[in-house]
Protein chains: 2
Amino acid sequence: MSETTHKQTPETRERILDAAEGLFMAHGFEATSMRMITGMAHVNLAAVNYHFGTKDALIHEVFRRRLRDLNRRRLAALSAEEVAAGGAPVKPSRIVEAFFGVSIEMASDTQHGGATFMRLLGRTYTEPNEFVRKFLAEEYAEVVDRFMGALYRALPDVPREEILWRFHFMMGAMSYAIAGTDALQLFAGEFDDKDPARLMERLMSFLLGGLRAPLPATTAQHMESRRNAA
Amino acid sequence: MSETTHKQTPETRERILDAAEGLFMAHGFEATSMRMITGMAHVNLAAVNYHFGTKDALIHEVFRRRLRDLNRRRLAALSAEEVAAGGAPVKPSRIVEAFFGVSIEMASDTQHGGATFMRLLGRTYTEPNEFVRKFLAEEYAEVVDRFMGALYRALPDVPREEILWRFHFMMGAMSYAIAGTDALQLFAGEFDDKDPARLMERLMSFLLGGLRAPLPATTAQHMESRRNAA
DNA sequence: GTCTATAGACGGATAGAC
DNA sequence: GTCTATCCGTCTATAGAC
């Protein structure tokens with residue numbers, strides 16, 4: 001049986017990915033060596049190169065594995081809202097909940113590594129490494145397109161650039177909430193309430209408050225002069 | 001004259017710090033070697049160790065140099081508001097403006113490296129490196145203490161943990177706005193409007209909207225049951 | 001204070017036996 | 001697919017002349 005011969009094969013690949021994910025999260029890409037990864041995964045050093053080729057390819061695969069699932073779920077959540085709305089624009093709060101709800105959900109999954117990955121991902125949005133940013137952009141292209149489109153339809157009177165900025169702010173708030181809790185622990189001592197349901201509530205209140213905030217004066221003036229010209 | 005002998009000395013130190021700051025921002029700490037730094041600063045490799053001892057000490061000094069000024073200005077801005085309020089609690093919007101206004105101000109200074117540093121700092125709040133987080137916490141201790149105290153006084157009915165979380169969200173939104181613009185450029189194509197004054201307006205609208213948002217249902221319930229018990 | 005030269009450790013990657 | 005052994009580059013840090 002080929003089962004006996006290849007029994008360990010798929011498991012080895014996954015063990016490498018799991019170890020790499022955890023170590024990248026804890027120490028960053030550069031500070032994590034292949035030897036640390038293979039040591040934690042209990043596999044041979046050469047196995048990484050056999051399975052993934054290079055360290056960069058391994059990094060790429062760590063992200064691809066999770067992002068595929070994450071973004072598929074985000075798109076499904078948005079589609080469900082669009083179906084429920086039956087042709088009408090989806091409410092902004094629903095759009096935001098679809099995107100960030102799935103994110104927090106994955107960040108709450110401590111059993112299958114989702115929490116580890118989301119902390120890693122939050123930090124990686126601002127990663128200097130060029131090739132990392134490049135494949136992140138590729139993986140996100142469809143999701144950004146769909147969610148931005150939904151927000152533009154939901155808020156036809158708000159300038160698109162304004163929506164883009166606010167989405168950017170929301171991403172930042174969420175990423176810090178997930179990735180940077182250590183930072184605030186150091187700032188403020190205790191931070192014991194890590195219940196994901198409460199985090200989701202707190203984050204959603206904040207995000208929706210920000211999204212619904214009055215537009216800045218300059219933007220409002222621009223819109224005013226446009227309206228008068230028409 | 002000792003001027004002749006030591007003429008280059010203070011300049012060398014600053015050149016090293018400037019080069020390190022820019023390279024840390026562009027590539028991260030680990031990916032930036034001493035050789036890259038000395039190459040860009042046009043100084044000898046051994047000069048870094050002579051002036052700073054170790055690479056970690058150099059990293060520390062890159063932050064200390066700017067943070068001292070940044071946080072001094074934040075504290076001054078808050079003090080000015082407290083004086084203006086004359087004993088009464090400072091309005092939450094004024095407190096937020098004091099903190100983030102100074103931040104955006106420094107992020108707008110492209111002449112003296114403030115912009116570079118703020119992008120670096122934004123990324124560093126979630127830095128995995130332990131010793132970096134440690135000295136960040138030390139540098140921020142007084143500022144966090146003063147600003148949190150002001151917010152507690154301004155919002156005596158809001159649970160402190162809630163204020164802490166919202167401040168955390170605000171820090172995330174700001175840091176992404178400054179450090180992660182590249183990320184959203186990749187997400188969304190053009191992002192041409194980088195005028196700091198408009199960024200400040202946009203960010204402030206969003207932050208204040210989030211800060212003033214209705215409290216999450218669970219928190220409100222907790223407060224309700226407390227009030228009934230009293 | 002500044003330089004050259006180098007020690008000494010560790011990094012990613014690969015060749016080739018099994 | 002897995003292993004050992006090793007190449008070769010780069011890293012931080014330092015010794016010691018000037």
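Heavy atoms only: backbone and side chains are in, while hydrogens, waters and symmetry mates are out. Each chain gets a letter, A, B and so on, in the order its sequence line appears, and its residues count up from 1.
Remark: C1' of C:dA13 and NZ of A:Lys55 are 12 Å apart, rounded to the nearest angstrom. A:Asp56 places its CG atom 16 Å from the P atom of C:dG11, with the value rounded to the nearest Å. One atom, OH of A:Tyr50, and another, P of D:dT2, lie 7 Å apart when rounded to the nearest Å. Counting to the nearest Å, the C1' atom of D:dA13 and the CZ atom of B:Phe52 are 16 Å from each other. Rounded to whole angstrom, the span from the CG atom of A:Asn49 across to the P atom of C:dG16 amounts to 16 Å. Look at CE on A:Met34: it is 15 Å from C1' on D:dG9, rounded to the nearest Å. Nucleotide D:dC11 holds its P atom 15 Å from the CG atom of B:Leu58, rounded to whole Å. For the pair B:His51 NE2 and D:dA13 P, the computed distance is 16 Å after rounding to whole Å.
Proximity of B:Thr12 to the phosphate of C:dT2: a side-chain N or O atom is located under 4.0 Å from OP1 or OP2.
B:Thr32 comes within 4.0 angstrom of sugar-phosphate atoms only, judged by non-hydrogen atoms across all strands, and of no base.
Note that A:Arg74 lies in the cation-pi zone of A:Phe99, set by a 6.0 Å cut-off to the ring centre and a 45° limit from the axis. Remark: B:Arg166 is not positioned above the aromatic ring of A:Phe206, lacking an NZ or CZ atom under 6.0 angstrom from the ring centre and at most 45 degrees off the axis.
Remark: A:Glu127 does not engage B:Arg123 in a salt bridge, criterion side-chain N to carboxylate O under 4.0 Å. A salt bridge links A:Arg65 to A:Glu14: at least one charged side-chain nitrogen sits closer than 4.0 Å to a carboxylate oxygen. A salt bridge links A:Arg72 with A:Asp69: at least one charged nitrogen is closer than 4.0 Å to a carboxylate oxygen. Salt-bridge formation is not detected for the pair B:Glu139/B:Arg64: no Lys NZ or Arg NE/NH1/NH2 atom is positioned less than 4.0 Å from an Asp or Glu carboxylate oxygen. With salt bridges taken as basic N to acidic carboxylate O contacts below 4.0 Å, none links A:Glu142 and A:Arg146. By the 4.0 Å N-to-carboxylate-O rule, B:Arg133 lies too far from B:Glu130 to be salt-bridged with it.
For the contact set between residues 20-29 of chain A and DNA chain C, defined by any heavy atom under 4.0 Å, there are no members.
With sequence neighbours left out, A:Asp145 forms a side-chain hydrogen bond (donor to acceptor under 3.5 Å, both in side chains) with no residue at all.
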Nucleotide N/O to protein N/O under 3.5 Å, stretch nucleotides 3-5 of chain D:
unit_1, atom_1, unit_2, atom_2, d
D:dT4, OP2, A:Asn44, ND2, 3.1

